[in-house]
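A quick write-up on the structure given underneath.
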Amino acid sequence: MEDRKAYYNYLHDIYFPQLPEGHNFDLQLKNPYTWTDYIHLTDGTRVLDPGYQTRDKLHSNFLFTGLIHNEALVMQFLSCMANQNWLQRFGNVKMLLWIPNSSAVKIMARPDTRERAKCSVVRETFCDAKLIATPDDEKSLKSFNNNLLSNDDPIIFNPKSFSKASKYTLIEFNPKDHDLDAFAWDYVVKQLMASRNTPLDKSLNHLGPAAADFFVTKIPLNLLGKVPKNLTSEEFKFLLEVFQSWPFKPDSLLETVSFGKEM
Amino acid sequence: MLSTVARKRILNRRSPAVLVQAFKRTNVSSASSLQNNLIEELKHISLGSKTPGRINVKSDEEVHANKWSTPYDGVFRQSHSKEVMRLWSLLDVCLDSSQFERAESILTTLHPLSIEDNFSFVDDFNKYLNKFAPLASPTEIEAVVANWRSSGKLQTNARTDAIIINALMTKNNPYEKYLLPYLSGRADFRSLLRNVDVFGLQNLKLIVEQNNLDIKFVPAAYRDLITIDNNVEDTNEVTHETNISSSSSPTTTSTTTTTTSPLLEPLMGSADYEPAVLNKQNAEELKSVDTFGMKVIRHTLLSLEPDLNSKLLEKFNEKLEEKLEFFTNDSETQANFFEVYKSLPLDKRDLFEEALNEFNVERQTALENKSIEAAQEKWKHEYEEIKKRGDLGMSKSLNARLWGWFEQMMPLVRDEIERCKNVDDIQIKTLKNEAFAQHSERKKYAPYLRLLDPKKVTVITILEMLKNNSTGGISEGMRTARAVLSVSKALELEFRSEQILNTEKNFVKNFDNSKLSNPKNLKKYSMSLSNFKNDVISDMKVYWPQDIKVKIGSVLISILMHVAKVEVSGVDPSTKQLVRGEAPAFYHSFQYHNGAKIGILKIHKVLSSQLSADKLVGAVQPQSLPMLIQPRPWTSWNNGAYYYSQNQIIRLRDSPEQLAYIKASSDKLDKVYDGLNVLGNTAWTVNERVFKVMSKIWNTGDEFLDIPKAHESLELPEVPPRSSDPSVLNEWKIKVKALQDKYATDRSTRCDANYKLEIARAFLGEKFYFPHNLDFRGRAYPISPNFNHMGSDLSRGLLLFWKGKEIGEEGLRWLKIHLANLFGIDKAPLNEREAFVNDNIELVKRAAEDPMANQEWWTKADKPWQALATIIDLADALKLPDPTKHISHQPVHQDGTCNGLQHYAALGGDVEGATQVNLAPSDKPQDVYTHVAKLVRAKLEEAAANGDENARMLKDNIKRKVVKQTVMTNVYGVTQVGATNQIHKQLQNVFSEDQSYKLSVYLTKVVFASMRELFEGAHLIQDWLAICAKMISKSVRIDIDSYEEMGPKKKPSFMASVIWTTPLDLPIVQPYRAIVKKQIQTNLQTVFIQDPYELHQVDARKQMAAFPPNFIHSLDASHMLLSASSCSKKGLEFAAVHDSYWTHACDVGEMSESLRETFIELHQVDLIARLKDEFDERYKGFLQLIEIPYKSEVGKKILAMRKELTSQLGRPVTLGDEVYLERQRQLLLNSGDENKIAKGESMVTTVSLLENEDLKDLTSAQAMKSMKNSLAEELEESLENTNEYEEEEELKKPVKKSAQKLKVFAPLRLPDIPPKGDFDVNDLRNSKYFFS
DNA sequence: CCACTAAATACTGATATAAGTAATAGAAAATAT
DNA sequence: ATATTTTCTACCGACAATATCAGTATTTAGAGC
């Protein structure tokens, strides 16, 4: 997908003719950064029609792959898995992505680690992810959890053998089905992870006025003593459930700071 | 305890002064050996390498603390080091809480610092002794003094003697031996008796009497008082302004202790003056009548009435010879003084005002001192009322709820304060982790918090928290940082007022006031008191440190959060049952903005919606309301405005440098004070008729003019299903964000309007004043927020001059013109404007008669509320048989037409420009915007004719409005991008989305070009100012700044900000510097704040961008203040909003003349030349970092010299080394010693090589351009043979070759001032549209 | 009482947080090479 | 020292990101004399 005319022309006139016989590439005059261009790709022109498959398994004939330099984009992809929209509307479409090492460390972080942050809870909740390959880079290797390394057993390649790729890690994302309220889930996880090393009996209060008082009656004591960064996605789901049963929860869960920009 | 680390750090610091000494000692016999010696020294110092005790000693802040801004000014950028400031602050609070041991240990720490930091230690000691002495026995006192003296640390002064003597006197001990030095003439009695605050009036009198001292020894301000007995017949007239005699004045002491004294009985029988009494409950009652903030004010005002000394009332009536009744026993009924005043015959008015003033003196005192208690009383009162009625409305009444909070919170606060007092006695070992953390935090803030009264603390915390609702872009809540700061700022303010009050009480303690029944004596007494207060206030120099403030704020807020509860209800999702319960009113939470985490204190939706449903949005800072009497006149930088708080004349922007400058020039600012006092002395009242209309509309809750609708709650568009395309979801989010923003801003504007109305309501019928101060450029602003004449159309429409003047024929004409202006007819000749009103005179009458029913006309005005006010006034006049006899209170405005450009045009002498902004005489008013639009159109026509597609599309769409904002902001230095956005906004509706922006970009360029053409001279000046600012903020002072850290890697640090003085001698310091903030731990969260006492590198970009507009504003501010003084001298009422000047209709002509004359006077001098001279002086000896061509002659010389130095040093020479050498040269040159000067002259440095070079040639645009051109050519060549596909890539390839440039320091030399055009400012005299 | 060490605490600085990079242009500052 | 990337884009009234962690500096506790 390329929508810059000049570059498109170059690809079309010069690059594509040079490709080996029988290649499987198709060039489209579209902007890969525009969500809607994908709709046009899959609906209107029928260029790409993987067909819908149920969510009890991975999509069998559609794979999305790419090197995503921009971390925000990766996060967007993750949220597409959560929302089951965009390409994920065809089913649980596997995504095989090269992403920056630093992002990989964050996203793959396990509970109870220093790196544990909201995005890794997202990953854990909405997909099964596997570390496929990562460069032999001391800094990022150290940051990956040992458990993770032994479980996923990634290929650890010599960064020198791929000069450009040395900053990127290959991860396989396999989306999972779920039926969570995205806004509420996001709110709960966000507020709790804001102070991720504060025991729940305190940090729960960020969810609403005297929230902890309510939770205390609903959740086991040992959970109450835990700190958010040590919680698993399942525990978050549980907390969400409790939160949603709370009569006095705040009305608006997506408030933002508005900066009064004057005329 | 002060951390000993901090102390050690200070002790280790080698002050710059010491270094200078060291260098000065370098004496050498010949120039060459001098050079050699210096080289040796350089080697030794070995800049950039790690010699122990040299490089590492100083942190950045330490290096820059205590520096003169420039040698020219002799003003310290930073008065004292951070540590000293902190210690002083701590010393103050320890003394206030009588912790003498701790105070002594602070003194011990301070002493060594006093030597380094060059402050006088004895002052601090005296402070201590003065607090200690009253509580100690004479022997103890003497022992302490002797002790300190013998340690060699203390040299006592006259004040020390005064303290000792006073202590002995008070304890009836003999004190004569301390008088000996004075009696014997070895010491001056004056210096002893100057310490009136130590002695107090009574002892001062005693000491004079007992020793038969010459009265001349007593400071002049107090002599009269001391001698009351001796010469009652003294004919010396005491000039008496409205000086406040405080509540501690002997005549009224009894009233100060309580605000709940019984209501005043009805004084006289009949209520003949029906119109004079406004029953506010029955009058246009605001729905928001429950607004407790306002009740606070009203209650405060009202509660004073019972306190009213009946004598005063008698005086009232005595003077008027007629009995008036103002007060009934209905506490909600308040006198409408304005109606009384108006109803009086002219000859009685003065007397009435005199009486009113005396009356208001009392009320003002109470307003400033009692409003906090009043709030508390009000809550309690309402609570009890409801309880008595057995009402179920308890939860509905906010005040009752607040009382509940208060009752719960106050004991906790008291406990906390108690813990603070005992903080040193706690056994640390007994504490567990959390308690220990709490304890160690408490230790830091305890000395401050323990000084406060728990009741006041509680009330203030509650008020501030409610006041902050919906601020900071949070719809239901506030930012934590803001909340904690605002609470503690309010506390500090209150504490200071209290201190002033107490000092004052102390001062008059035991004073025999039997003689004060004599009015003359009373006047003397209050004069002295006022003088005394000035002295006290000037002396207060210590502030609570920022980090302490946030800690205190957060502790108190935590307590409040803990107790403040509201009743809530919600639906249980599972059972669908309605559940009731109690929940905290506040909770702490976070929100993210672009990944930045922001701490939020949310107000519970129940409370928040109660607040908005009841149209009650908060409380008013009761300390800064409009004043009932003339503000305390400005007499120094921190003396003026309110009577019981310290107000700074400049709104400092956390800049110690600004503070230092304003302090230093405090006694040269009479012209500024004069002008400012004129503004403050303008009396106002509320336009009741407009107010009635407004409140009627307000109560509907509907949108009306600039009042937004009262949203009940925010309704969001339906959430799209989560599986929608991300683009759909994003769109929805954007929509939601927009709605939330609108909701938040609507809410805050409604809030704001509510404040305005409520304050106006409280001041209905009152005579009041707005105390003013200045922003750092010298522009004046009313100190009281929300409701003032500088606010929106709404507030302006509500304000009338208290004083009325007969309108006369001319005045009537001006009133009409004013009305036309308000309708937006302000570009037509005056006659046409007048005609516009005459043509619509029926509409005027109808609108005035019933504004609500006939709203279609006046609401269409540009400024509808002011138009309505004017309409009413005009209609009143027309009702009279002779309209010219109408007494008008309506302010009439004269606005500068693009005032910034007027000043620019005058400075640049642009003839055409001057004409366009009405400096030059003309038959009809010129409109710059129209003119620029015309110019632009012409240009576009031409370009279109040449086949320019953009121009063709645009040429018929250039309206005045399209260019207006850009022309206006051009003065402020708007950039291309900014202007493009502005124009884009205007073109959006005309062109399609995708065309619009491209066209805007094109149009912006044309507009800029046209502006430049029209105001050529002005733009040259603008550029010149910007260049100067840039050069200055990129220059270094070699004698102090930055050479230390100029090692091989480091860049020099630029510390010089742009500083200038206005024609009124007000020093302006641009505060733009790097912002360095730190996270401070508090109870709730960390808070990210900067320490206002630290100085950092200048922000050159901002300095440059802001200097031209700031300079112009400093001029228009001067013009305004001069005009104010001038108008006041002529007896005109005067008010101003920057470039809009207000007076009575009948005086417009005279005012116009005044402001023309002052403008001419201002520009009589070549202000730019004056500025250049000032800069040249101020920044003399500064160096600038420039780049010169490698190959120039000097360049070669410098290279050679560097090579030489490098070989001599045995290491690469650095810029720092060069600065060092230059500095030595300067030291020699300025030494005053002929020998040394000769040596200096023979010395050659890299800088001196450049001294006589024309830097312009070296760095000129031409030289650089020619280099760039040749490079560009090469680039083009290389591009020629690229094919079209690779073009993009090729373009990005870096240019390999670049001009060889040499970085060197050269003397700072500002460019010559641009030539001036031919316009003569004296022509202005005949321009009638200058202001209109 | 002192000098000493180890443990505890305090202070500092770095980093992540959220989550489309992009409507445009051009200089200056900051950072990377 | 030079090249690339990032930042910023109209003045004033009117300031505000925070939690956590690692590493270092400083203080304190404690044992021993």
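Chain letters run A, B, ... following the sequence lines, proteins first and then strands; every chain starts at 1. We use all heavy atoms of the structure for the numbers below, so side chains are in, but hydrogens, waters and symmetry mates are not.
- Atom CZ in R777(B) sits about 6 Å away from atom P in dG13(D), given to the nearest Å.
- The shortest distance between the side-chain N/O atoms of R651(B) and the OP1/OP2 oxygens of dA14(D) is below 4.0 Å.
- Closest to the side chain of A1100(B), from the set dA29(C), dG13(D), dC15(D), is dA29(C).
- Relative to the axis of its first five pairs, the axis of the last five pairs of the helix from dC4(C)-dG30(D) to dT17(C)-dA17(D) sits at 10°, rounded to 10 degrees.
- Taking 4.0 Å as the cut-off between side-chain N and carboxylate O, E441(B) and K551(B) count as a salt-bridged pair.
- The nearest whole Å value for the distance from the NE2 atom in H1113(B) to the C1' atom in dA10(D) is 10 Å.
- If you take atom P in dT31(C) and the same atom in dG13(C), they sit 15 Å apart, rounded to whole Å.
- One can place CZ of R479(B) at 6 Å from P of dA16(D), the figure rounded to the nearest angstrom.
- Residues satisfying the side-chain hydrogen bond (donor to acceptor under 3.5 Å, both in side chains) test with E731(B), not counting sequence neighbours, are none.
- A donor-acceptor contact closer than 3.5 angstrom is absent between the side chains of N773(B) and Q648(B).
- The gap from the C1' atom of dC15(D) to that of dA23(C) amounts to 31 Å, rounded to the nearest Å.
- Between dC15(D), dA17(D), dT18(D), one nucleotide has an atom nearer to the side chain of F590(B) than all others, and that is dT18(D).
- To the nearest whole angstrom, the two C1' atoms, one in dG30(D) and one in dC1(C), are 15 Å apart.
- What separates CG of N786(B) from P of dA14(D) is a distance of 12 Å, to the nearest Å.
- dA17(D) and dC8(D) are spaced 13 Å apart, taking the P atom of each and rounding to whole Å.
- Positionally, the nearest nucleotide of DNA chain C for K444(B) lies more toward the 5' end than for the other of K444(B) and Q988(B).
- Across all strands, L485(B) comes closer than 4.0 Å to base atoms (heavy-atom distances).
- Here salt bridge (charged side-chain N to carboxylate O under 4.0 Å, His left out) pairs that include residues 72-82 of chain A, with residues two or more places apart or in two chains, number zero.
- For H789(B) and dG13(D), the NE2 to P distance is 17 Å, given to the nearest whole Å.
- Side chains of S103(A) and E71(A): a donor-acceptor N/O pair is present below 3.5 angstrom, by distance only.
- Between T1004(B) and T980(B), the side chains place a donor N or O and an acceptor N or O closer than 3.5 Å (distance only, hydrogens not considered).
- As rounded to whole Å, 9 Å separates atom C1' of dA14(D) from atom CZ of R653(B).
- Donor-acceptor pairing under 3.5 Å, judged by distance alone, is absent between the side chain of Q1085(B) and the base of dA17(D).
- Comparing Q1090(B) and H588(B) along DNA chain D, the residue whose closest nucleotide (by nearest heavy atom) sits nearer the 5' end is Q1090(B).
- Candidate nucleotides dC11(C), dA19(D), dA16(D) were compared by shortest atom distance to the side chain of R482(B), and dA16(D) ranks first.
- For the P atom pair drawn from dT7(D) and dT15(C), the interatomic distance equals 15 Å after rounding to whole Å.
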(request) Going 5' to 3' through nucleotides 13-19 of chain C, assign each nucleotide B (protein heavy atom under 4.0 Å from a base atom), S (under 4.0 Å only from sugar-phosphate atoms) or - (no protein heavy atom that close). (result) ---SBBB
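- Applying the side-chain hydrogen bond (donor to acceptor under 3.5 Å, both in side chains) criterion to N899(B), with sequence neighbours excluded, gives Q902(B).
- The same atom, P, is picked in dA27(C) and in dC12(D); the two are 24 Å apart, to the nearest Å.
- A donor-acceptor contact closer than 3.5 angstrom is absent between the side chains of Q988(B) and S996(B).
- Distances were taken from every side-chain heavy atom of S195(A) (C-beta onward) to each of dA19(D), dC12(D), dA16(D); the shortest belongs to dA19(D).
- Under the Watson-Crick or G-U wobble criterion, with both distances below 3.5 Å, dT24(C) is left unpaired in every strand shown.
- Heavy atoms of T198(A) sit under 4.0 angstrom from primed sugar atoms or phosphate atoms, though from no base atom.
- Atom pair I983(B):CD1 and dA10(D):P shows a separation of 13 Å (rounding to whole Å applied).
- Looking at R779(B) and D775(B), no side-chain N of the basic residue comes within less than 4.0 Å of a carboxylate O on the acidic one, giving no salt bridge.
- Comparing dA17(D), dA23(C), dC15(D) against the side chain of F1088(B) picks out dA17(D) as the nearest.
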N/O contacts under 3.5 Å, protein versus nucleotides 24-27 of chain C?
{"from": "dT24(C)", "atom 1": "O2", "to": "Y997(B)", "atom 2": "OH", "distance (Å)": "2.5"}

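- Going from the C1' atom of dG32(D) to that of dC2(C) covers 11 Å, rounded to whole Å.
- Of the two residues contacting DNA chain D, namely H1138(B) and Q1081(B), the nearest-nucleotide position lying further toward the 5' end is that of H1138(B).
- Across all strands, V1087(B) comes closer than 4.0 Å only to sugar-phosphate atoms, never to a base (heavy-atom distances).
- Rounded to an integer number of Å, the gap from NZ of K489(B) to P of dA14(D) is 10 Å.
- If you check every strand for non-hydrogen atoms under 4.0 Å, R114(A) touches sugar and phosphate atoms only.
- Residue contacts shown for A1105(B) are absent, as no nucleic acid heavy atom lies under 4.0 Å away.
- For H1138(B) and H1119(B), the gap between ring centers reaches or exceeds 6.0 Å.
- Residue-level contact check: Y1072(B) touches the backbone only, with heavy atoms under 4.0 Å from sugar-phosphate atoms and none from bases.
- In this structure, N970(B) reaches neither bases nor backbone, as no heavy-atom distance under 4.0 Å exists between it and the strands shown.
- OP1 and OP2 of dA29(C) both lie 4.0 Å or more from every side-chain N or O belonging to K1030(B).
- Other residues, nucleotides and ligands place no more than 12 heavy atoms under 6.0 Å from the NE2 atom of H69(A).
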